[in-house]
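The shown structure was predicted, so the numbers you read here are calculated from the model rather than taken from an experiment. Chain identifiers are assigned alphabetically (A, B, ...) following the order of the sequence lines, protein sequences preceding nucleic acid strands; residue numbering begins at 1 within each chain.
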Amino acid sequence: MMDASIAAKSPRRLGRRTAGRHSPFPLPWLMPLILVLGVFYLYPLLDVFRFAFTNVSLLGRDEEYTLQTIVSTLSKPELLQILWVTFVFTASSVVAQQFFGLFIALIVLHGEKRRLFGTTIVRTTALVAWVVPGIAGGIIWKMLFNEAPFGGLNSLLRVIGVPAVQWLSDPHMVMWSVVISNVWRGTAFSMVVMYAASKAIDPVLYEAADVDGANPWQRLIYITLPQLRTAILVNMILITIQTLNTFDAIISLTGGGPGRATEVLSLYTFNVVFRNYDLAAGAVLSILMLAISLGLALVYARFLPKGEPS
Amino acid sequence: MLALAATTVLAAPHGSPAQEAITGDVVGKPDAPNKLVFRMTTDGPRNNEPAYAQGYSKLFNDFIAKHSDWQIELQMMSGDIGQEQARMLEQAKSGSAPDCAAVDSFVLPLFKKAGVLQSFSPYFTKEEIDQLFPFIREGITGSDGNIYAWWWSTDLRVLYRNKEIVPDAPQTWDDLKKAALSSVEEGMEGVLFNGGRYEGTTFDWLANFWAQGGKLVDDDGKPIFGEGENRDKFIKAVNYYRDLVESGAAPKRVATIGDYDDFNAAAAAGTTALFVGGNWQYAQLRTALDPDEFAKWVFSPLPGPAADQRSTGTGGWTVAAFSKDTEKVKLCAELARDIYMGPANALQEQLPTRADLYDKYEVFSSEANKTFAAALKDGQARPGAPVYPEISNQIQIMMGKVLTGTQPTEAAVDEAFSASLSAFKRS
């Protein structure tokens, strides 16, 4: 009884002692962070919402509050096509990055387990693509996809007797060329996440599977993927948001063309602000991007495990 | 690494006492009491071409020697000129623009309309202003009659050809198509031109519309290119390019070209015999090609629908002041006069905007530069309307759809016109 009573009271005493060591007024300590977040994140965000209800332009006309910007921006005839292009680009990139990230991570882990030479080289090589700035990546792929007789990939194809491919001038092919360049750059991030999560899987599970005579495919389906579920979903949220915001690599690779074949929502927003000088319409499109990102994040989050199983 | 370091050391301007005035991005003494921030393109001491960088270093040093109580901080723009100019306009509106800057001539009307530029009229004589070509003078003059920038260089588009493969200059659109098809038979790609999402696509192609007397906007700056006779002329000029691609006279890849350097690369690789390029590329070809190869390349005015219907787009760079400090505005104007108005033209062989400078500098007496200067008579600048950047954007989109065959010309033109009108109504 005595022991139980002490045990029941102890956390409360401990809590009081812990609280006594810290200030009962946390606000002064939080103020710097609140100020930084407020000035550099919250204020610009609120300003974007305010701009959306105005007709503000970079050209200096008088600013008026109006709903017309929202109506005219969201009813633009090209917006549906832009959203479709954005969907195809984002969905393809996310699925491919997730697949290749997991694939490379498993290969590296397998190689490490067998102490094979070159696993570090594979990891580092994939990471190199990740650290290349988007603009530079776009320029590299533009040289590779160049359809001139001296273009990178087509020259290689010619050597092996394969006809040249219209990587960028075929409106049906160009989207896949852009996806390839984006996947090349983004796979490393997925690989790092999958690699770290795979390392954390309890080896006992695999040992038990071996004892039960599971083949590699069954180990992947019944152990690896379920154990990686949380990491996969978190990774999907991160790379979806990252891909939705991608425009630097596209602007240097295709500029959004030919026509609007590769003009994603982020690039369209950029063009509206920096080519058409329409800050208010850009703000509406930014909010649309925010809504799409948040919506997708919430959908993914529904599939996240709600807590540790008891 | 050692080679790179050695190259950097050798390429860096050094040796003469005057050049010591440039330290990092600052020209002049660090403790000089007055400071001017100058935002510039590569037309300055940080030019990638060592000879130009050295030439500009000397010009800036000579300038600062005459203004020893000033230091000039040089800020470089990136290559994305459209974005750089839009950002600068935004900064000017919020009062944080540089004191003095390079402003692209095609966005100058936007800066004038926004009321962010300071008048240069007190610092240039009437004679100096009168010597400017009329379209240049008109471009820098505001509605109050004052000048708000100094437009120091201009350029134009021409048709380059390898005369070994295409001996005679094509005079008409049909001539060009025939010449390009015959070059294809000799293993070439055909004629190359900008057709991607790039300002050059619009600007280079507009000559074909202007040559017929077409107008993009009316006097109020309202788009009219999709109405009445203008629409017919516009469609005719678009179909000219479409036919070049569909007939094989131009490769389909033109829809992806958005960089004049691609033409230099194709010329150097010997894969094309014809391309639509800028006058500045002549000097670039001289550097890029062997003398024997370079000798094969000549240029001629852009072909028109008929031999007597010609036009060519003219652009160029200006220097303008944002500072409200009159001393800084004065120094900015003097910088435009002493460094750019003449000396910089001669250094980089960039066409001057004043007729008298063609006689003053020997470099402009070369046959090539004389021809360029003569071709300026057909020159036409982009309209000084605030909606022009969006018209250009819509033309680039339309051109991509037409050249790849994803939309009929008429529908693509009407869509571009409708979008331009909508942008005009919002502006």
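- Side-chain atoms of B/Asp144 come within 3.5 Å of backbone atoms of B/Asn146 as a donor-acceptor pair (strictly under, hydrogens ignored).
- The greatest number of non-hydrogen atom pairs below 4.5 Å with chain B, out of A/Gln68, A/Gln166, A/Arg275, A/His172, is found for A/Arg275.
- Judged by distance alone, the side chain of B/Thr201 and the main-chain N or O of B/Arg197 form no donor-acceptor pair under 3.5 Å.
- Exactly one of B/Tyr241, B/Tyr260, B/Tyr198 qualifies for a ring pair (Phe, Tyr, Trp, His ring centres under 6.0 Å) with B/Phe193. That residue is B/Tyr241.
- In this structure, chain A has a heavy atom under 4.5 Å from the side chain of B/Glu189, while its backbone stays farther away.
- Checking each of B/Asn194, B/Thr272, B/Val276 against B/Phe263 for a side chain to side chain contact (heavy atoms under 4.5 Å, CB included) leaves exactly one that passes, namely B/Asn194.
- The interface of residues 409-418 of chain B with chain A, defined by heavy-atom distances below 4.5 Å, is empty.
- The backbone N or O of A/Trp184 lies less than 3.5 Å from no partner atom in the side chain of A/Thr187, so there is not a single donor-acceptor pair.
- Heavy atoms of A/Phe270 lying under 4.5 Å from chain B belong exclusively to its side chain.
- Options B/Glu90, B/Arg253, B/Arg87 differ in how many heavy-atom pairs under 4.5 Å they form with chain A, and the most are formed by B/Arg253.
- The ring of A/Phe89 has its center no closer than 6.0 angstrom to the ring center of A/Trp84.
- Ring centroids of B/Phe234 and B/Trp205 are separated by less than 6.0 Å, placing the two rings close together.
- Side-chain N or O atoms of A/Asn146 include none that pairs as donor or acceptor with a backbone N or O of A/Lys142 at under 3.5 Å.
- If you measure heavy-atom distances from B/Val107 to chain A, the contacts under 4.5 Å come from the side chain alone.
- Around the CG atom of A/Leu33, the shell of radius 6.0 Å holds more than 12 heavy atoms that belong to other residues, nucleotides or ligands.
- Looking at A/Ser72, the atoms closer than 4.5 Å to chain B (heavy atoms on both sides) all sit in the side chain, from C-beta outward.
- A donor-acceptor pair under 3.5 Å is formed between the side chain of A/Ser266 and the backbone N or O of A/Thr246.
- By number of non-hydrogen pairs under 4.5 angstrom with chain B, the leading residue of A/Pro171, A/Gly257, A/Ala148 is A/Ala148.
- Looking at B/Gln394, the atoms closer than 4.5 Å to chain A (heavy atoms on both sides) all sit in the side chain, from C-beta outward.
- There is no contact between A/Glu78 and chain B, counting heavy-atom distances below 4.5 Å.
- Of the possible polar contacts, none joining the A/Asn182 side chain to the A/Thr243 backbone as a donor-acceptor pair under 3.5 Å is found.
- Using a 4.5 Å cut-off between heavy atoms, B/Ala92 makes no contact with chain A at all.
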